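Model, not experiment: these values are computed from the prediction. Chain A is the first sequence line, chain B the second, and so forth, proteins listed ahead of strands; every chain is numbered from 1.
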2 protein chains.
Amino acid sequence: MQGDLENLKRDFERFLKSRGGKITKGRFEIIDMIANYGTHFEIEDLVRWISSRNKNVASRSTIYRTVRLLQEFGAIREVIKLNNRTIYEFVVGKQHHEHLICVECGKIIEFNKEEIEQLQEKVCEEYDFTPINHRLEIFGICSDCKEKRRENRVG
Amino acid sequence: MQGDLENLKRDFERFLKSRGGKITKGRFEIIDMIANYGTHFEIEDLVRWISSRNKNVASRSTIYRTVRLLQEFGAIREVIKLNNRTIYEFVVGKQHHEHLICVECGKIIEFNKEEIEQLQEKVCEEYDFTPINHRLEIFGICSDCKEKRRENRVG
DNA sequence: ATGTGTGCAAAGAATTTGCACTCCC
DNA sequence: GGGAGTGCAAATTCTTTGCACACAT
């Protein structure tokens with residue numbers, strides 16, 4: 001929702017200032033663009049999308065640099081690594097979750113399983129390992145694609 | 001162990017034949033090289049290592065192509081995706097497992113938690129999703145690195 | 001004013017590919 | 001013999017970087 005985005009921007013401002021960074025128009029316009037683009041994105045797609053909408057928002061370099069900043073800030077996560085593609089997620093206003101990725105149609109399904117999170121913590125304790133972040137990707141075939149396959153077999 | 005490797009090669013031969021491929025010396029030498037290199041590797045490192053040992057085994061292209069084949073065959077998994085690096089694992093003779101990755105020293109710790117596997121299956125059932133493979137990466141700081149940090153703080 | 005941010009084009013890194021040549025079956 | 005495999009260099013794709021200029025504080 002809108003309020004989350006405003007909070008994010010305020011916090012991001014603080015984050016920038018705390019590291020001696022500056023508040024520029026471009027950075028905040030990129031945040032708006034990402035918020036409008038949708039949850040999951042690849043940087044090159046985002047670059048094309050932004051420049052198709054408004055040439056003056058930011059250059060490719062600035063977009064890459066800002067995505068990196070937002071990642072360090074924590075507003076963006078690298079959630080899926082498939083072949084040589086990286087799919088990012090804008091996490092604002094979302095609970096932590098993991099992903100099912102359909103290798104046929106590319107659909108991304110989010111899920112959260114608290115027990116899995118807890119078991120991970122347990123594993124980390126066993127190894128005296130301090131977790132910073134994690135990523136669970138389950139690749140497979142989604143319901144729709146299985147349905148289509150059945151149709152093709154019959155028809 | 002040695003027997004596993006021989007079995008793997010035999011099965012890989014069948015795999016190649018079944019798809020109209022050919023049994024070449026290079027492909028099997030690459031398997032030996034990977035087996036000797038160690039469990040986890042990045043392709044470019046492997047390329048450098050192979051060419052430093054024996055120029056005549058295979059070219060960079062053949063190594064890339066063979067790693068891909070072995071992946072399709074199932075002897076190799078992409079287990080860690082960190083920044084723009086891909087770390088592969090030679091799975092021969094190993095149980096399925098996931099990884100803890102120390103972001104400070106790069107150490108990779110393998111673990112298996114059967115309950116996590118089961119919960120994943122449950123999630124897939126809930127979404128009528130047929131899983132093909134999955135990857136769980138937990139990034140953090142390992143025991144040794146925490147110890148070193150403590151030492152530095154004191155000393 | 002001072003130092004950070006930005007755009008651009010060039011540089012890098014990791015892969016893939018086109019093509020001529022070589023080798024299995 | 002014929003198609004599959006290989007090596008090489010060129011092409012791709014994604015990302016980072018050097019530098020001159022612009023802007024925020």
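Relative orientation of the Phe73(A) and Phe12(A) rings is tilted, given thresholds of 30° and 60° on the angle between their planes.
Of the candidates dC14(D), dA14(C), dC8(D), dC8(D) carries the atom nearest the Arg65(B) side chain, counting heavy atoms from C-beta on.
Atom P of nucleotide dC23(C) and atom CD of Glu29(B) are separated by 14 Å, given to the nearest angstrom. Atom C1' of nucleotide dT6(C) and atom NZ of Lys55(A) are separated by 17 Å, given to the nearest angstrom. Between Arg85(B) atom CZ and dT15(C) atom P there is a gap of 11 Å when expressed in whole angstrom units. Taking atom CG of residue Asn56(A) and atom C1' of nucleotide dA22(D), one finds them 15 Å apart after rounding to whole Å. Going from atom CG of Asn83(B) over to atom C1' of dT15(D) covers 11 Å, rounded to whole Å. In this structure, Ile23(A) atom CD1 and dT6(C) atom C1' are separated by 16 Å, rounded to whole Å. With rounding to whole Å, Tyr64(A) atom OH is found 15 Å from dA9(C) atom C1'. Regarding Leu16(B), its CG atom lies at a distance of 11 Å from the C1' atom of dA4(D), rounded to whole Å.
No contact: Arg19(B) has no heavy atom under 4.0 Å from any strand. Within 4.0 Å of Ser61(A), counting heavy atoms only, lies at least one base atom of the nucleic acid. At the heavy-atom level, Arg27(A) lies under 4.0 Å from the strands shown only through sugar-phosphate atoms.
Of the N and O atoms on the side chains of Glu42(B) and His40(B), not one donor lies less than 3.5 Å from an acceptor on the other residue.
Positionally, the nearest nucleotide of DNA chain C for Tyr88(B) lies more toward the 5' end than for the other of Tyr88(B) and Lys17(B). A residue-by-residue look at Leu69(B) and Thr24(A) shows that Leu69(B) has its nearest nucleotide of DNA chain D further toward the 5' end. Positionally, the nearest nucleotide of DNA chain C for Asn84(B) lies more toward the 5' end than for the other of Lys25(B) and Asn84(B).
Ser59(A) has no side-chain polar atom (N or O) that falls below the 4.0 Å cut-off from OP1 or OP2 of dC8(C). Within the 4.0 Å cut-off from OP1 or OP2 of dT6(D), not a single side-chain nitrogen or oxygen of Arg60(B) is found.
No donor-acceptor contact under 3.5 Å links the side chain of Thr86(A) to the base of dC14(D). The base of dA4(D) has none of its N or O atoms less than 3.5 Å from a complementary donor or acceptor on the side chain of Lys22(B).
Distance alone, capped at 3.5 Å, is enough to place a donor-acceptor pair between the Lys146(B) side chain and the Asp128(A) backbone.
Among Glu72(B), Glu89(B), Glu110(B), the single residue meeting the salt bridge (charged side-chain N to carboxylate O under 4.0 Å, His left out) criterion with Arg77(B) is Glu89(B).
For NZ of Lys122(B), the number of neighbouring non-hydrogen atoms (other residues, nucleotides, ligands) closer than 6.0 Å is 12 at most.
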